[in-house]
Amino acid sequence: MTKVIAIVGPTAVGKTALSVELAKQLNGEVISGDSMQVYRRLDVGTAKVTPEEQQGIPHHLIDICDVDEQYSVARFKQEANSAIKDIAKRGHLPIIAGGTGFYLQALTDNLSLGGKQDKDSEAIRQRWQELIDENGPEWGWQQLNAKDPQAAANIPVQNIRRVIRALEVIEISKKPFSEQEQRTSLDEYLLIGLTTDRQVLYQRINQRVDIMIQNGLLGEARALYEQGGKNLPAGKGIGYHELFPYFAGEVDLDYAVDKIKLDSRHYAKRQLTWFRNKMTVNWFDLVSGQNSINEIKSFIEDWLRN
RNA sequence: GGAGGAGUAGCGAAGUCUGGCUAAACGCGACGGUCUGUAAAACCGUUCCUUCGGGUUCGGCGGUUCGAAUCCACCCUCCUCCA
């Protein structure tokens, strides 16, 4: 069992800076736990660490796929695990930094994620989507309810995406979706959560969006838009999809920028919800000065020691 | 000074003609939550106060009525146009 540090929290609380600082002091390497930073060319909008900010610390799972590819939790889990192994082999400390709760949890809790992915899954999914388009969400949910009542009980009728995924897994695995294999964690994780006063956090988010615009977010988003970003998973990213209607001439820039800020705030809230309720996190507030990096560092050192 | 128009819950906005079914639609925001291969996704709940029995609301103050956000009088504020 390798000991792994994970720095989690909402967007714009300073996860990146902390992870680099800790890596420097604790002989670590950073693994990004972020569903959008995996994409090349999506730099300013994803607030990806710049080469200068990396300060020579190796960073993993950044810039590993093209914008027209579809990344996934399962792939993240597998790649993060192998990065952890490599880093440990080098005698370094793996430090995960990221805000994608689902990704982080898939890793820390070793979620089985529906078993093996079938190559037909895309077709299966599409077929269900078409059937549901035709017969309605209620019908789709009933299909699931007939095959796996327990799964159906946990998925709202309106949440078509999750209904379809459950149906897909059942079809591929021939087993109920609710019968997920329980696994134990592969490694030992210490979760460091960064947070701060909500008002302050929102202000920081708003400011950061303005800075992103200054740093060329428009050009980056436009390139994605021109590659058909509207229909790509990468194009779902906050900071990108809000700009597409602007490029299409449907809304003005101020409106789009305000929307980015709003979506980012909402996102931060969802992140907080996830980390508060689904994972065991040790919270610190560096923004207000209530806690210090040194405090976190010794907290980690204590944990590493025992 | 004259002529019109408007003031509804955090904001926007219905409801007012045809009084009761209206603590008041809907949207936004805010807050809370769900989550096992798209997760920066997708989806849900709460949102006047409450000791959950009730209590107090629709600019203000009176009035009509069994009953008023809705009808009448007066007052205040804002907007547009004319002078």
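Please read all numbers here as calculations on a predicted model, not as lab measurements. As a basis for the values below, the full set of heavy atoms in this structure was taken, side chains included, without hydrogen atoms, waters or symmetry mates. Residue numbering restarts at 1 for every chain, and letters A, B, ... go by the order of the sequence lines.
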Say you pick atom [atom1] in [N] and the same atom in [M]; how far apart are they, in whole Å?
{"N": "B/rC48", "M": "B/rC58", "atom1": "P", "answer": "16 Å"}
{"N": "B/rA68", "M": "B/rG20", "atom1": "C1'", "answer": "9 Å"}
{"N": "B/rC28", "M": "B/rU34", "atom1": "C1'", "answer": "23 Å"}
{"N": "B/rU80", "M": "B/rA24", "atom1": "P", "answer": "36 Å"}
{"N": "B/rC17", "M": "B/rC31", "atom1": "C1'", "answer": "39 Å"}
{"N": "B/rC71", "M": "B/rG59", "atom1": "P", "answer": "12 Å"}
{"N": "B/rA73", "M": "B/rA3", "atom1": "P", "answer": "16 Å"}
{"N": "B/rG12", "M": "B/rU8", "atom1": "P", "answer": "7 Å"}

Base, sugar-phosphate or nothing for [X]? Non-hydrogen atoms, less than 4.0 Å.
{"X": "A/Leu262", "value": "sugar-phosphate"}
{"X": "A/Lys269", "value": "base"}
{"X": "A/Arg265", "value": "sugar-phosphate"}

Expressed as a whole number of angstroms, how long is the span from [X]:[atom1] to [N]:[atom2]?
{"X": "A/His266", "N": "B/rU34", "atom1": "NE2", "atom2": "C1'", "value": "17 Å"}
{"X": "A/Asp109", "N": "B/rG37", "atom1": "CG", "atom2": "P", "value": "14 Å"}
{"X": "A/Asn277", "N": "B/rG32", "atom1": "CG", "atom2": "P", "value": "10 Å"}
{"X": "A/Lys278", "N": "B/rG33", "atom1": "NZ", "atom2": "P", "value": "12 Å"}
{"X": "A/Glu168", "N": "B/rG37", "atom1": "CD", "atom2": "P", "value": "8 Å"}
{"X": "A/Asp148", "N": "B/rU36", "atom1": "CG", "atom2": "C1'", "value": "13 Å"}
{"X": "A/Asp197", "N": "B/rC31", "atom1": "CG", "atom2": "C1'", "value": "14 Å"}

Classify every nucleotide of nucleotides 38-45 of chain B by which part a protein heavy atom approaches to under 4.0 Å, writing B for the base, S for the sugar-phosphate alone and - for neither, in 5'-to-3' order.
-> BBBSBSS-

If pairing requires Watson-Crick or G-U wobble contacts with both distances under 3.5 Å, which nucleotide is the partner of [N]?
{"N": "B/rG1", "answer": "B/rC82"}
{"N": "B/rG20", "answer": "B/rC66"}
{"N": "B/rU34", "answer": "B/rA42"}
{"N": "B/rU77", "answer": "B/rA6"}

When you check the phosphate oxygens OP1 and OP2 of [N], does a side-chain N or O of [X] lie under 4.0 Å from one of them?
{"X": "A/Ser112", "N": "B/rU36", "value": "no"}
{"X": "A/Asn154", "N": "B/rC35", "value": "no"}
{"X": "A/Arg198", "N": "B/rG32", "value": "yes"}

Can you check B/rG53 for me, syn or anti if syn means within 90° of 0?
->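 What B/rG53 shows is a syn base, its glycosidic angle lying within 90° of 0.
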
If you measure only the distance, is there a donor-acceptor pair under 3.5 Å linking the side chains of A/Thr11 and A/Arg208?
->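 Present: a donor and an acceptor within the cut-off.
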
Return yes if a side-chain donor-acceptor contact under 3.5 Å exists between A/Gln142 and A/Glu138, otherwise no.
->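 Present: a donor and an acceptor within the cut-off.
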
Are A/Lys261 and A/Asp210 ion-paired here, with the side-chain N under 4.0 Å from a carboxylate O?
->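 Looking at A/Lys261 and A/Asp210, the cut-off is met.
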
Do the charged groups of A/Lys48 and A/Asp34 touch, with an N to O distance under 4.0 Å?
->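 Salt bridge: no.
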
Roughly how far, to the nearest 0.5 Å, is [atom2] of [Y] from [atom1] of [X]?
{"X": "A/Thr108", "Y": "A/Ile96", "atom1": "OG1", "atom2": "CD1", "result": "8.5 Å"}
{"X": "A/Gln180", "Y": "A/Leu113", "atom1": "CD", "atom2": "CG", "result": "7.5 Å"}
{"X": "A/Glu171", "Y": "A/Trp128", "atom1": "CD", "atom2": "CH2", "result": "6.5 Å"}
{"X": "A/Gln129", "Y": "A/Leu131", "atom1": "CD", "atom2": "CG", "result": "9.5 Å"}

Those residues that, when tested against A/Arg198, pass salt bridge (charged side-chain N to carboxylate O under 4.0 Å, His left out) (two or more places apart) =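 Scan of A/Arg198 (salt bridge (charged side-chain N to carboxylate O under 4.0 Å, His left out), adjacent residues dropped) gives none.
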
